[in-house]
Amino acid sequence: ETGVVTVDPGFMNTASCESEITYIDGDEGILRYRGYPIEQLAQRSSFLEVAYLLIHGELPSPTELDAFVERVNRHTLVHEDFRTFMGTFPRNAHPMAVMSSAVNALSTFYPESLDPFDPETVELATVLILAKTRTITSYLHRTAVGEPLLYPDYSRGYVEDFLRMTFAKPYEQYESDPTTVAALDKLLILHADHEQNCSTSTVRIVGSSHANLYASVAAGINALSGPLHGGANEAVLKMLTEIQAQGGDASDFMRRVKNKEQGVRLMGFGHRVYKNYDPRAAIVKKSADAVLQQLGKHDPLLDLAMNLEEIALSDEYFIERKLYPNVDFYTGLIYKAMGFSEQMFTPLFALGRMPGWIAQWREMMSDPTTKIGRPRQVYTGAVERDYVGVDAR
Ligand code: SDX
């Protein structure tokens with residue numbers, strides 16, 4: 001009569017899923033894509049090679065890699081009407097809202113790539129979304145700053161031409177900076193997949209209704225935009241900038257975090273799975289200093305970030321809650337040094353996560369036992385009662 005219902009404990013397990021793509025050990029701080037440690041891939045691989053690995057399950061042969069890179073490159077151009085569509089959003093629109101709309105709209109421009117069960121069509125959608133999200137992401141910056149949308153240059157690599165399409169000025173020769181290209185390629189690798197996080201689970205659950213890849217990924221982009229998830233990299237920069245503007249007192253800020261003052265959270269710290277240092281954060285932190293120095297930029301916010309980390313790693317409050325830096329804590333400082341605005345940080349996260357979302361969606365679609373996502377609930381509302389007419393209330 002109290003409204004409490006008993007629940008078969010087994011139903012809770014439907015919330016988990018099996019996958020062969022990414023392995024995480026949260027206690028040991030381990031992350032592997034298809035068995036390969038993230039540290040080795042970040043050091044030795046390239047973003048498109050990692051995309052191939054996540055999607056196809058094995059590292060490509062030289063011929064396979066060349067064919068994959070060439071096919072992605074060849075599809076980087078978008079329909080002229082799509083460029084017009086990208087220009088119709090308000091200049092000050094948040095790029096994550098534009099990105100999810102644009103990715104969803106791809107299905108209307110490329111209807112021949114929608115069938116989720118035809119292998120050739122799925123392969124085409126895979127290449128189209130990898131190629132065109134690179135163009136879309138560059139256009140997010142260009143439309144925000146009011147600069148013309150550039151066309152791809154197939155003679156350049158994926159990351160190099162993305163940076164050119166984003167930052168090149170129509171009136172000068174663009175020279176790419178190898179440090180920036182290498183650093184961004186590494187950051188995209190680090191973001192490429194992360195098993196069943198909020199946005200990937202969203203991609204899976206939308207796809208489980210047999211929705212096409214674009215619709216599923218667009219939903220994932222929306223999930224990623226939240227400040228507790230991918231939006232955290234933008235929130236970290238806001239947090240560091242505010243602390244700096246108020247005098248840069250890291251200890252005072254950490255006092256406010258521990259007092260749980262309204263709206264005061266150490267963004268870029270903590271994780272649902274990692275109860276140890278996020279291995280990606282360790283790699284980013286190591287390269288942050290080097291990249292900023294190579295770019296000839298010293299950012300006092302990096303010193304502040306390292307100061308906050310130092311305090312957290314020696315303070316019982318954070319230690320007992322197992323709060324360590326996650327992938328979002330240092331990445332924004334590198335993106336900022338590259339010339340990206342804060343609002344572009346999460347679209348860059350999404351660009352990096354594309355191969356993971358594609359791989360996870362394909363794995364689910366190819367599993368004949370997949371059922372439509374429908375988590376069960378524990379009902380705690382009112383017990384049965386009779387309707388009362390409005391005059392009698
Ligand atoms: C990503 O899942 C993934 O894999 C995601 C991701 C990926 O690659 O896809 O890794 C990317 O989303 C990384 C996370 C980015 N988000 C942030 O940096 C936002 C700040 N972090 C949090 O809000 C929080 O840590 C979460 C959401 C990431 C994880 O939250 P949990 O594990 O559910 O922790 P919780 O909310 O249960 O908190 C446990 C305790 C609480 O204190 P008590 O109530 O026990 O006193 O830890 C505290 C929380 O208040 N806490 C924090 C904190 N995170 C947790 N306190 C201060 N600052 C924080 N950041």
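Note that ligands are numbered from 1 as they come in the structure, with each ligand's atoms numbered from 1 the same way. No hydrogens, no waters, no symmetry mates; every other heavy atom, side chains included, goes into these values.
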Checklist entry - Who passes side-chain hydrogen bond (donor to acceptor under 3.5 Å, both in side chains) against Glu123, sequence neighbours left out? => result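 For Glu123, the residues satisfying side-chain hydrogen bond (donor to acceptor under 3.5 Å, both in side chains) (neighbours in sequence not counted) are His56, Arg362.
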Checklist entry - Considering residues at least two apart in sequence or located in another chain, which fulfil the side-chain hydrogen bond (donor to acceptor under 3.5 Å, both in side chains) criterion with Glu80? => result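 With neighbours one apart ignored, the set is Arg83, Tyr151.
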Checklist entry - In order of chain and number, which residues sit within 4.0 Å of ligand 1 by heavy atom? => result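 Residue list for ligand 1: His194, Asn197, Pro227, Leu228, His229, Ala232, Val257, Lys260, Arg265, Leu266, Met267, Gly268, Phe269, Gly270, His271, Arg272, Lys275, Arg280, Arg321, Leu323, Asn326, Asp328, Phe349, Arg353.
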Which side-chain N or O atoms in residues 329-339 pair as donor and acceptor under 3.5 Å with protein atoms at least two apart or in another chain?
unit_1 : atom_1 : unit_2 : atom_2 : d
Tyr330 : OH     : Glu309 : OE1    : 2.3
Thr331 : OG1    : Val327 : O      : 3.3
Lys336 : NZ     : Asp299 : OD2    : 2.6

Next on the checklist: Against the six-membered ring of Tyr317, is Arg321 placed for a cation-pi contact (under 6.0 Å from the centre, within 45° of the normal)?
Outcome noted: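 Pair Arg321/Tyr317 counts as cation-pi.
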Checklist entry - Relative to Tyr158, does Arg134 satisfy both conditions: NZ or CZ under 6.0 angstrom from the six-membered ring centre, and within 45 degrees of the ring's axis? => result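 Yes, Arg134 and Tyr158 form such a contact.
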Item to check | Between CD on residue Glu49 and CG on residue Asp185, distance to nearest 0.5 Å | outcome: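 It is 10.0 Å, given to the nearest 0.5 Å.
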